[in-house]
Amino acid sequence: MSIQAIIQGKKEWRAHVARVKALPKDYRIVYRELQKYLFKVGPVELTAGTGLLSGIVDLFEEGAASGKGVLEVTGRDVAAFCDELIKDSKTYADLYQASLVQEGSKAMNKNTDQTK
C-alpha cells in the first residue's frame with residue numbers, strides 16, 4: 001500500500017467520522033453500536049474502505065432530515081438490521097471456516113495417500 005493510499009484512506013475516514021459527529025445524539029449512539037457489532041461480526045468489506053458504514057450514515061442522515069427517530073429507520077432489533085445489511089457478505093468467520101475445511105480436506109487426502 002502506497003503512502004498516498006494511506007493518506008487518502010485517513011482523509012476518507014476523518015470525513016466519515018465528521019459526518020457521524022454531525023448526526024443527532026440518538027443516531028450517533030445507534031451508529032456506534034452498529035459499528036461495534038459489524039466490527040465483531042467482521043464482514044470483509046469493512047476493510048475495503050468506508051462503503052458500508054457510509055451507506056449507514058447516508059441512511060441515518062436521510063432519516064434525521066425527515067424527522068424520524070433512529071429506531072424508525074433501523075427497526076427495534078438493531079442487530080437484525082445489521083444482519084440484513086451483511087446477509088450476502090463474506091465474513092472473516094466464513095473465510096476461517098473455509099480454511100478449516102480446506103485444511104481438513106488436505107489432511108484427509110494426505111492420510112488416504114499414505115494408506116495406499
Side-chain angles (χ1 to χ4, degrees):
M1 177 177 272
S2 73
I3 293 204
Q4 292 293 4
I6 293 169
I7 292 170
Q8 183 61 33
K10 284 187 176 188
K11 284 181 183 179
E12 288 174 12
W13 183 252
R14 286 184 184 129
H16 175 78
V17 169
R19 287 178 64 202
V20 172
K21 286 181 180 178
L23 290 169
K25 184 177 181 179
D26 58 337
Y27 278 88
R28 284 194 314 267
I29 291 167
V30 171
Y31 173 83
R32 286 189 190 108
E33 292 305 314
L34 286 169
Q35 186 182 28
K36 284 183 207 175
Y37 182 82
L38 291 171
F39 284 163
K40 281 183 186 177
V41 173
V44 177
E45 294 96 50
L46 283 180
T47 60
T50 60
L52 177 63
L53 296 175
S54 288
I56 294 169
V57 174
D58 291 342
L59 183 64
F60 281 11
E61 288 171 338
E62 290 172 21
S66 66
K68 292 181 180 178
V70 67
L71 294 181
E72 290 178 84
V73 174
T74 62
R76 297 202 60 75
D77 188 345
V78 178
F81 174 80
C82 285
D83 290 340
E84 186 64 27
L85 286 175
I86 62 170
K87 70 179 177 188
D88 296 325
S89 300
K90 282 254 185 224
T91 65
Y92 287 107
D94 295 332
L95 296 177
Y96 180 68
Q97 184 67 30
S99 73
L100 290 178
V101 168
Q102 186 177 12
E103 287 176 19
S105 177
K106 284 181 185 177
M108 297 258 311
N109 287 338
K110 192 175 190 179
N111 287 339
T112 304
D113 291 342
Q114 289 176 355
T115 58
K116 287 183 179 180

key: More than 12 heavy atoms from other groups under 6.0 Å of CD1 on Ile6   = yes

inquiry  = Between Trp13 and Leu53, does the side chain to side chain contact (heavy atoms under 4.5 Å, CB included) criterion hold? Intermediate values first, please.
reply    = CA-CA 10 Å; Trp13 183 252; Leu53 296 175; 4.0 Å; yes

Testing the basics here: between [X] and [Y], what is the closest heavy-atom pair and its distance to 0.1 Å?
| X | Y | value |
| --- | --- | --- |
| Asp26 | Gly69 | OD2-CA, 4.4 Å |
| Phe81 | Val73 | CE1-O, 4.2 Å |
| Tyr27 | Lys68 | OH-O, 2.6 Å |
| Ser54 | His16 | OG-ND1, 3.5 Å |
| Arg28 | Val20 | CG-O, 3.1 Å |

request  = State the NZ-SG distance between Lys36 and Cys82, to the nearest 0.5 angstrom.
outcome  = 12.5 Å

task = Quick one: pull up CD1 in Ile56 and CD in Gln35 and give me the separation to the nearest 0.5 Å.
result = 9.0 Å

task = Side-chain contact test, heavy atoms from C-beta onward, threshold under 4.5 Å: evaluate it for Asp83 versus Asp77 and give yes or no.
result = no

key: Note, Thr74 side chain near Leu59 side chain (heavy atom, < 4.5 Å)   = no

key: Common cluster, Tyr37/Phe39, ILVMFWY with side-chain heavy-atom separation under 4.5 Å   = yes

message = Are Val30 and Val17 connected into the same hydrophobic cluster when the rule is that any two of I, L, V, M, F, W, Y join if their side-chain heavy atoms are below 4.5 Å apart?
response = yes

query = With respect to Glu12, which candidate in Lys10, Arg14, Gln8 satisfies the side-chain contact (heavy atoms from CB on, under 4.5 Å) definition?
reply = Gln8

task = Could you please spell out the steps behind the side chain to side chain contact (heavy atoms under 4.5 Å, CB included) verdict for Leu52 and Ile86?
result = CA-CA 9 Å; Leu52 177 63; Ile86 62 170; 3.8 Å; yes

task = Could you walk me through whether Glu61 and Leu23 pass the side chain to side chain contact (heavy atoms under 4.5 Å, CB included) test, one step at a time?
result = CA-CA 7 Å; Glu61 288 171 338; Leu23 290 169; 3.8 Å; yes

key: Pair Leu71-Val78, side chain to side chain contact (heavy atoms under 4.5 Å, CB included): steps then yes or no   = CA-CA 8 Å; Leu71 294 181; Val78 178; 3.9 Å; yes

